[in-house]
Amino acid sequence: MSTPTRTPSGAPAQMTGAGGRVGDDAQRPDGVLKVRGEFAYSSDLWMEDMLWGVTLRSPHPHARIRSIDVGPALAVPGVYAVLTSDDVPGEKVYGLELADQPVLALDVVRYQGEPVALVAADHPDTARRAAARIVVDYDVWEPVTDARVALGHPTWNQLHDAPAEVTELSRESANLHPHGNLVRHLKVRKGDPEPTADVVVVGEYEVGMQDQAFLGPESGLAVPGEDGGVDLYVATQWLHVDQRQICAALAMPPDKVRLTLAGVGGAFGGREDLSMHVHACLLALHTGKPVKMSYNREESFFGHVHRHPATMRYEHGATRDGDLVYVKATIYFDGGAYASSTPAVVGNGGTMGIGPYVVPNVHVDCYGAYTNNPPCGAMRGFGSVQTAFAYESQMDALAAELGTDPVELRCRNAMEQGSETPTGQVVDSPAPVVELLRRLEAMPLPPDVPTGDDVDLRDMPGGVSNTTHGEGVRRGVGYAVAYKNVAFSEGFDDHSTARVRLEVVGGEAVATVHTAAAEVGQGLVTVEQQIARTELGVDQVTVHPKDTSVGSAGSTSASRQTYVTGGAVKAACEAVRARVLEMARSVVGRPVVDLRLDGGKVVSDLEGVALPLADVLGDEVVEETLEWRHRPTEAVDPETGQGFAHVQYAFSAHRAVVDVDTELGLVKVVEMACTQDVGKAINPQAVVGQIQGGTAQGLGLAVMEEILVRDGRVQNPSFTDYLIPTVLDMPPMRVEILEYADPHAPYGLRGVGEAPNISSGPAVLAAIRQATGLPLTRVPVRPEHLTGT
Amino acid sequence: MRLSCTVNGTPQQVDDVWEGESLLYVLRERMGLPGSKNACEQGECGSCTVYLDGLPVCACLVAAGQAQGREVGTVEGLTPAGAAPGELHPVQQAFLEAGAVQCGFCTPGLLVATDDLVHRSLAEGRKPADAEIREALAGNLCRCTGYEKILDAVRLAADRMAADPTAEAAR
Ligand code: FES
Ligand code: FES
């Protein structure tokens, strides 16, 4: 098999490193390559004689294809192949949970940007020019662009002939039932169906469509194999789920479709679904040459799913004293043209849609719908980010109605260990909601709004645009708290596989960890090394390239990898250790009860034994491969939503301080503070990095980030018009980490990545509301919402 | 077209460069220097930042022909030639230690921008203030870190480079 020349050191990196154990600020093993510009991202791959693949996409959100003429494109010199859905040898549709999305458009296109045809050529510009010459004759149809309209549509089956209702979250097999534009409806029913309360607040909220905006474009290189198969080097979040879908599309067995993780430039959910994977493989197999595909930024906006926009109606009832009596909620997620992860998003939105509070009576209806908008799927915190804006806004509104302090109201109703969730699940590990909020309150506040002639414009809303020197600027402080399930829920068989090897290399015992778990920037490779060092008492640990030659690790999503793949690595290390200690006992020649591995030695304190591990191992290579699972969850009842749906919850809270120029509607976030319970910080520096990064994405959704879709068409597919926070938009942050162990999890850890992304935006919104006195029911907040113009 | 320029101190010559190719494309796809990144290719993210005759520019916005006869400096040239294996430029070292690198796709551009900022400030006999750092890096997007650790890294690099005036600019 030939490998791309521009992967690190000729093949994806074997990353070796010495250093920290569990609990240390260990440095990432890929860090040196990254700062030297030598880390091979998926868009950096290159092979002699490779071709470039490009995609022709539908300009229409809803149309029937009458005909496609590829002749003019094939006639362009330098073009090697032009492919359409006729050239897909296997299953012509794919999907994470439901196979409903065409590899290349069949007869109908359902969103603007849907892939229609592929071109391979010897230069990317040639391929692009050729693609532009493909003639597609469309019969343009009216798009359905509102989830509520789609659900009540007179021609119920217009968008999909046979979409499915998913009653069980199964990514392996989806039972399709003809059902129309409804992807999933989750009901939560708890307590009295007709509750009454002294005080009632009702609100309607809307969340815009957010983009993951990872910086590394969708890209990869497919290399035809001598055995008729294909090797794909790609940036993704779950190699094995990709492999399953690619095999189906290519009609090939898994041993013919081999995937290796290329360097990933961020993911945040946007790489859960396939993008160029099958396309590059098709072109490579068709031409017999390596094919590279790399989207530019505009294509990237069409090339991955986005965060579901949501419209939500909430009704909260409470006693005069401020005890929550009931919450009723109706939540609509716009899933766009294809299902992607919509069933799971609906699951999260519905089961956790009232926030980390104890409420005796709950009535939630959560819907996910097909429309002709861009497909929506996974993004960090999915299902929970949207609902948190609504339930935290409601808590503030209720506090105002009761004349009580918003933090007091939250603490009064906060979930704690032993509380019951709306789905009847008893929270069986620490849930320090009150402490998270109290710690935030206790943190010092930043200095007041600067005033006078000596203000630094850079501290003002509007910055050096010189829009104000403090006139019309009002300060606001807001709080929010959130929780989110960690790992896959609702009965999914959520597991990971780890292969750990211990052997002597150059006179020293070295461990190698091999998993298929995608490193997307979060630092899982560091954690894998730290766990191996801790469990095997060695210093040198090599992380094997991530590929499909080892079993599935599950997805790098749902904050699950440190928990689940971390658990698998720990278990495989324990199995290796048991064998090594057995070997040591036969060396010692008598039973020793307290043998352990430490500092490259086999140690017994009782017997005063300290054997060099290298001597015990000799030529022996000790290797163990294990599949590891967290305790099982269960599907929720389809009528009541009751059930043990989630294996673990993560909790975080934020305080935001903002200055608002109320005349111009400009917002400056002055400071963000976050408290989060992480159970056990395996790598504190990386944990803080996750919290800071998650906070930034939440802030972005609150004040600037939205894909604007009009009549099914994306208006702003560029970093010129889709704004993400820059270093000028991000304030200084305070972070406090709590470590209350979850007794069910390895090392007591809790998944970290998503929770801070959920609580930060609602805190910013609350702060702007406090500064302006405006109700603000939609995010992102735009200047016109603040000035009323 | 033929393009000749100096990259990281080494003369380079490439043939058959197309009119429409950017300096970024030529570096990445024709010269085997993919360290400069291609996050947007529209001048909005700074991941492609390189030195052109000593000034930081977005390589995606520079037509390849504009680099004719000029000096280009990329992330691959930050570590001085002849450095010991494993030895890093102080800015690289600071980014690593501060935890400023997650996915790292923004890193090459940020390293060049930081190197430029710190050298400009030190040439004026001072270290960059926070507000200056924010202004100087406002054109470099990072989606992973929330920028806090990037600020830490810049401060750390400035401290170390101020203490060791022999550190050379990579421009
Ligand atoms: S790639 Fe040049 S600025 Fe983004
Ligand atoms: S570290 Fe990923 S974009 Fe900055």
Side-chain angles (χ1 to χ4, degrees), chain A residues 6 25 27-28 30-41 43-44 46 123-125 212-217 263-268 294 296-298 456 458-459 464 520-523 685-686 688-697 699 718-720 724-728 730 732-733, chain B residues 18 20-21 25 28-29 32-45 47 74-79 86 88-89 91-93 95-108 111 130-151:
Chain A
R6 208 190 285 155
D25 288 335
Q27 279 190 19
R28 12 181 355 120
D30 55 10
V32 170
L33 288 172
K34 284 179 174 177
V35 297
R36 293 173 74 110
E38 291 167 2
F39 184 76
Y41 294 91
S43 55
D44 299 340
W46 187 90
H123 191 284
D125 276 348
Q212 297 85 352
F214 43 70
L215 288 199
V264 185
F268 317 116
S294 182
N296 64 22
R297 182 52 51 181
E298 178 173 349
D456 187 335
R458 293 175 293 198
D459 295 334
V464 290
V520 298
Q522 82 280 38
Q685 187 185 55
V688 172
Q690 284 297 303
I691 292 172
Q692 291 166 336
T695 300
Q697 290 181 4
L699 181 154
S718 73
F719 280 162
T720 314
I724 65 173
T726 71
V727 69
L728 290 175
M730 287 311 300
M733 289 183 230
Chain B
W18 292 28
E21 289 178 13
Y25 182 87
R28 291 174 50 80
E29 303 298 340
L33 293 170
S36 308
K37 289 291 167 270
N38 57 330
C40 77
E41 298 172 82
Q42 53 193 188
E44 294 289 349
C45 76
S47 73
T74 73
V75 64
E76 287 99 337
L78 272 185
T79 316
L88 295 173
H89 184 278
V91 174
Q92 294 172 317
Q93 186 64 35
F95 268 66
L96 263 191
E97 280 177 39
V101 180
Q102 287 189 29
C103 85
F105 212 79
C106 63
T107 306
L111 294 174
D130 275 10
E132 276 177 273
I133 301 175
R134 288 183 188 272
E135 251 172 293
L137 303 185
N140 290 81
L141 298 178
C142 173
R143 190 53 158 170
C144 299
T145 64
Y147 303 103
E148 281 286 87
K149 292 187 185 299
I150 290 171
L151 291 165

Which atoms of [X] come close to chain A, meaning under 4.5 Å heavy atom to heavy atom: side chain ones, backbone ones, both, or neither?
X: B/A98; result: backbone
X: B/L141; result: both
X: B/E21; result: side chain
X: B/E41; result: side chain
X: B/L137; result: both
X: B/T107; result: side chain
X: B/K37; result: side chain
X: B/L151; result: side chain

Residues B/Q102, A/Q690; criterion side chain to side chain contact (heavy atoms under 4.5 Å, CB included); working and verdict: CA-CA 9 Å; B/Q102 287 189 29; A/Q690 284 297 303; 3.4 Å; yes
Top of A/A696, A/G266, A/P124, A/G216 for chain B proximity - count of heavy-atom pairs under 4.5 angstrom: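 The option with the most such pairs is A/G216.
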Top of A/Q685, A/H123, A/R28, A/K34 for chain B proximity - count of heavy-atom pairs under 4.5 angstrom: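 Max contact count across the listed options: A/H123.
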Euclidean distance, B/I150 CD1 relative to B/T145 OG1, rounded to 0.5 Å: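 Interatomic distance, B/T145 OG1 to B/I150 CD1, rounded to 0.5 Å: 3.5 Å.
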Given heavy-atom pairs under 4.5 angstrom as the criterion, report whether the side chain, backbone, both or neither of [X] touches chain B.
X: A/S718; answer: both
X: A/T720; answer: both
X: A/E298; answer: neither
X: A/V32; answer: both

Whether A/Y41 and B/F105 hold their rings parallel, tilted or perpendicular, with breakpoints at 30° and 60°: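 Geometry flag for B/F105 against A/Y41: perpendicular rings.
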Largest heavy-atom contact set with chain A, pairs under 4.5 Å, which of B/G43, B/C103, B/A138: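 It is B/C103.
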Interface residue of largest heavy-atom contact number with chain A, from B/G139, B/G35, B/A39, under 4.5 Å: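 Looking at each option in turn, the highest pair count goes to B/A39.
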Side chain to side chain contact (heavy atoms under 4.5 Å, CB included) between A/F39 and B/V101, intermediate numbers included: CA-CA 12 Å; A/F39 184 76; B/V101 180; over 6 Å; no
Audit row: B/C45, B/N140, side chain to side chain contact (heavy atoms under 4.5 Å, CB included) steps and yes/no: CA-CA 5 Å; B/C45 76; B/N140 290 81; over 6 Å; no
B/E76 bridged to A/R36 by N-O distance under 4.0 Å: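 A salt bridge is absent here (no side-chain N lies under 4.0 Å from a carboxylate O).
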Proximity of B/F95 and B/H89 rings by center, below 6.0 Å: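 That pair fails the under 6.0 Å test.
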Shortest non-hydrogen contact from A/Q697 toward B/R143: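 So the minimum-distance heavy-atom pair works out to NE2-O, 3.1 Å.
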Minimum heavy-atom distance A/G37-B/V75, with the two atoms named: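 Minimum heavy-atom separation between A/G37 and B/V75: CA-CG1, 3.8 Å.
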Stepwise side chain to side chain contact (heavy atoms under 4.5 Å, CB included) check, B/E148 with A/M730: CA-CA 8 Å; B/E148 281 286 87; A/M730 287 311 300; over 6 Å; no
